[in-house]
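Read the structure below first, then the notes.
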Amino acid sequence: MSKEEKRGVHMIHADGQLGEVQIADEVVATIAGLAATEVEGVASMAGNITNELIGKLGVKNLSKGVKVLVTDRNVDVDLALNIDYGYSIMKVSEKVQDRVKTAIENMTGLEVSMVNISIVNVSMDKAK
């Protein structure tokens, strides 16, 4: 496989007998996005206009609003979130950081160095 074909794909396991296991950046980003949206208070992932339009048309992009940088066996994650009105941004952010770190490390074996969060919008949909 050429270097260009392997861009964004990382080996997470090499076994001399059976072969190797590789994981794409998009998979790590999807894990992060799913873990973040499981936290109470997170309305949705934020994305660019194109991603928002795709979402409204019914096509789910689970990695929108997520940027991952995988180097060696370390992962840096940047998340852009929409938060529900009435929730503590600090408490929700801490839960998201913990949930994302745990999910990525448990599912991939990679080590998460940092989870950066940007709150880009407050959703009034659930406001009372």
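Quantities reported herein were computed from a predicted structural model and do not represent experimental measurements.
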Requested in this report: Compare all side-chain heavy atoms of L81 with those of M45 and state whether any distance is below 4.5 angstrom.
Outcome: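 They are in contact (side-chain heavy atoms under 4.5 Å apart), so the answer is yes.
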Working to the nearest 0.5 angstrom, can you tell me the gap between [X] [atom1] and [Y] [atom2]?
X	Y	atom1	atom2	answer
T71	L110	OG1	CG	9.5 Å
I104	I31	CD1	CD1	6.5 Å
I89	I117	CD1	CD1	11.0 Å
L79	K64	CG	NZ	13.5 Å
S123	N82	OG	CG	7.0 Å
S88	K95	OG	NZ	8.5 Å

Under 4.5 Å between side-chain heavy atoms, hopping through other hydrophobics if needed: is there a path connecting [X] to [Y]?
X	Y	result
V92	M124	yes
V96	V122	yes
V21	I23	yes

Report task. Give a yes or no answer on whether the side chain of E111 reaches the backbone of R73 with a donor-acceptor pair at less than 3.5 Å. Result ->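 No, E111 side chain to R73 backbone: no donor-acceptor pair under 3.5 Å.
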**Report entry** Polar side-chain atom of Q22 near backbone of V9 as donor-acceptor pair, under 3.5 Å
**Finding:** no
Query raised in the report: Between L69, V112, V68, which is the residue that forms a side-chain contact (heavy atoms from CB on, under 4.5 Å) with D76?
Result: L69
Show me the side-chain donor-acceptor pairs of residues 32-43 shorter than 3.5 Å, one per line, residues at least two apart or across chains.
unit_1	atom_1	unit_2	atom_2	d
T37	OG1	G33	O	3.2
T37	OG1	L34	O	3.1
E38	OE1	R99	NH1	3.3
E40	OE2	Y87	OH	2.9

